[in-house]
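I have placed the structure first, in the form of structure tokens, so that the comments after it can refer back to it.
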Amino acid sequence: MHPFDDSCQSPVGAVGKITVPVPADGPGEVLVGLRGGSEVFAAWSTRPLAVNTRVVVTDTISARSVLVEPLPP
């Protein structure tokens, strides 16, 4: 791997915004600033989250799915 290759950078700790509501029993979608751009991930949470809620990624489920928690207002 090239020393400047950040393709394996983890989204954990990144801040994002919910773009598709996260229901109590399924995924929504979050837009996260990552690797010099923005990436979309399937978002899971322990509670429902509305569109435009600012969140932090707390863990990864797979390469394209993450666990998120809302940031304090």
Keeping the roles fixed (side chain from R35, backbone from P11), state whether a donor-acceptor pair exists under 3.5 Å. no
Which heavy atom of [X] sits nearest to which heavy atom of [Y], and what is that distance?
X: V32; Y: A14; value: CG1-CB, 3.3 Å
X: A63; Y: F41; value: O-CE2, 3.5 Å
X: P70; Y: T53; value: CB-CG2, 4.0 Å
X: V56; Y: G13; value: CG2-O, 3.7 Å
X: L31; Y: S38; value: CD1-CB, 3.7 Å
X: T19; Y: V51; value: O-CG2, 3.9 Å

Quick one: CD on E39 to CG on L34, what's the gap to the nearest 0.5 Å? 5.0 Å
Could you measure the distance from the CG atom of N52 to the CD1 atom of I18? Nearest 0.5 Å is fine. 9.5 Å
